[in-house]
Amino acid sequence: MTILFCTLVILALVPTTLVQAQNIRSSELPVTIVAKKWRAEYRNPQIEEDPFKAVKEHEEAERQRIASNRRNEELRKQGLPPENPPVRVFKPDTGPRGLIVTYIYEVKFRNSGKKSISKLAWEYVFFEPGTEQEVGRRRFESRINIGPGKTRTLAIRSTLSPTGIVDAMKADNKSREQYTEKIEIRSVEFADGSMWKVE
C-alpha cells in the first residue's frame, strides 16, 4: 500500500516538473529592447607608441657599452682576456601598421517577463535605408543576469564591421546614417533552465 501511494505521488509531480522545463511560446517575447547603438573605435598604434623609445634604447645601449669597457679594463689589469663588447640587436618593427578598427555593438535589454534571464542569443541586423534590403547581420550569444523588470546594457566589441560591403557613394556619410537597424532576439535562457526561442 505504501509503495502504491509513493508511486502515485511521484507520477503526480512529474507533469508539473515537465511543464516548468517546457519552452515558452514564441509569441510571448520576454525581452524588450530599450536602446541600441553601434560605433567604430579607431586606434593608431604608432601614435600610442612611446615617442622616446629610440632615445631610451640608445641610452641603455650606451650604459651597457660603458659597463663592458670597465669590466674589460679590470680584466686587462688582471692579465685576463677581455670580454666581447655587447652587440646591439636591432629589432625589426613588426607591429601593426595604420589604423586598428574595433566595432562596439551596444544594446540595453529589459526583462519584461516573470523569470530571471541567464543567457541571450541575439542579432544586430542592418538594412539599406529606403529599400529595407538586409546588408548585414551580426549574431551574439551573451551570458547575462537580468531579473524580472530589470534592465542591463551589453556592449560587445568585435573586429567585424556591420556589413561586409561598403557603399562607395555613401562612404563620406557618418557611419550610423548609412543603415537602418534592428535587434532580433533568437533565444532566451532562464535561470530555471527553461527557454524561449524563435520557432
Side-chain angles (χ1 to χ4, degrees), residues 29-64 88-113 116-147 149-189 191 195-198:
L29 180 61
V31 177
T32 306
I33 308 305
V34 178
K36 65 184 179 316
K37 63 181 177 180
W38 69 276
R39 69 184 184 279
E41 192 174 82
Y42 301 92
R43 285 183 50 238
N44 187 337
Q46 290 178 336
I47 292 173
E48 295 171 4
E49 191 175 273
D50 183 0
F52 300 107
K53 180 179 177 185
V55 173
K56 290 175 182 175
E57 287 176 352
H58 176 74
E59 288 173 350
E60 179 59 29
E62 187 63 18
R63 275 193 292 274
Q64 289 179 0
R88 187 173 175 192
V89 179
F90 292 93
K91 297 177 185 174
D93 185 9
T94 57
R97 293 281 177 191
L99 293 176
I100 296 174
V101 184
T102 303
Y103 298 91
I104 295 111
Y105 302 94
E106 193 172 306
V107 183
K108 187 174 187 179
F109 297 98
R110 175 180 288 122
N111 182 347
S112 50
S116 289
I117 293 171
S118 60
K119 186 177 180 183
L120 292 172
W122 54 284
E123 294 176 341
Y124 210 126
V125 190
F126 297 87
F127 302 92
E128 185 178 311
T131 66
E132 297 306 309
Q133 177 184 348
E134 185 178 315
V135 292
R137 182 180 289 262
R138 295 290 168 249
R139 182 178 175 88
F140 304 101
E141 286 193 8
S142 308
R143 291 230 169 252
I144 187 169
N145 183 18
I146 316 175
K150 303 291 184 186
T151 60
R152 283 285 302 276
T153 301
L154 281 175
I156 308 293
R157 301 176 72 84
S158 174
T159 56
L160 298 174
S161 67
T163 66
I165 303 164
V166 176
D167 186 346
M169 300 296 289
K170 298 177 183 176
D172 60 342
N173 289 357
K174 292 182 180 176
S175 297
R176 284 196 294 261
E177 294 173 2
Q178 291 182 26
Y179 315 109
T180 55
E181 52 205 65
K182 73 173 181 177
I183 305 299
E184 291 183 359
I185 305 296
R186 308 309 297 173
S187 68
V188 179
E189 192 174 307
M195 180 179 279
W196 174 96
K197 63 182 177 179
V198 174

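Just so you know, residue 1 is the first one in the sequence shown, and it goes up from there.
Summarising the geometry, atom CZ belonging to R143 is positioned 10.5 Å from atom CG belonging to L120; distances are rounded to the nearest 0.5 Å. Rounding to the nearest 0.5 angstrom, the gap separating the CZ atom in F109 from the CD1 atom in I33 is 4.5 Å. Interatomic distance, E181 CD to R138 CZ, rounded to the nearest 0.5 Å: 13.0 Å. Atom CH2 of W38 sits about 13.5 Å away from atom CD of E106, to the nearest 0.5 Å. A distance of 8.0 Å separates CG of N145 from OG of S118, quoted to the nearest 0.5 Å. Rounded to the nearest 0.5 Å, atoms OG1 (T180) and CD (E134) are 10.5 Å apart.
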Side chain to side chain contact (heavy atoms under 4.5 Å, CB included) between Y103 and L160, intermediate numbers included:
CA-CA 7 Å; Y103 298 91; L160 298 174; 5.8 Å; no
Check step by step if side chain to side chain contact (heavy atoms under 4.5 Å, CB included) holds for I183 and Y124.
CA-CA 5 Å; I183 305 299; Y124 210 126; 3.5 Å; yes
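With sequence neighbours left out, the side-chain hydrogen bond (donor to acceptor under 3.5 Å, both in side chains) criterion links S142 to W122. Residues satisfying the salt bridge (charged side-chain N to carboxylate O under 4.0 Å, His left out) criterion with E132, sequence neighbours excluded, are absent altogether.
For K182, the NZ atom counts as loosely surrounded, since its 6.0 Å shell holds 12 or fewer non-hydrogen atoms of other residues, nucleotides or ligands.
Using cut-offs of 30° and 60° on the angle between ring planes, the pair F126 and Y179 is perpendicular.
Between the S112 side chain and the P30 main chain, a donor and an acceptor come within less than 3.5 Å of each other. Judged purely by atom type and a 3.5 angstrom limit, R110 has no side-chain atom pairing as donor or acceptor with the backbone of I146.
For R43 and E41, the salt-bridge test fails: no basic side-chain N is under 4.0 Å from an acidic carboxylate O.
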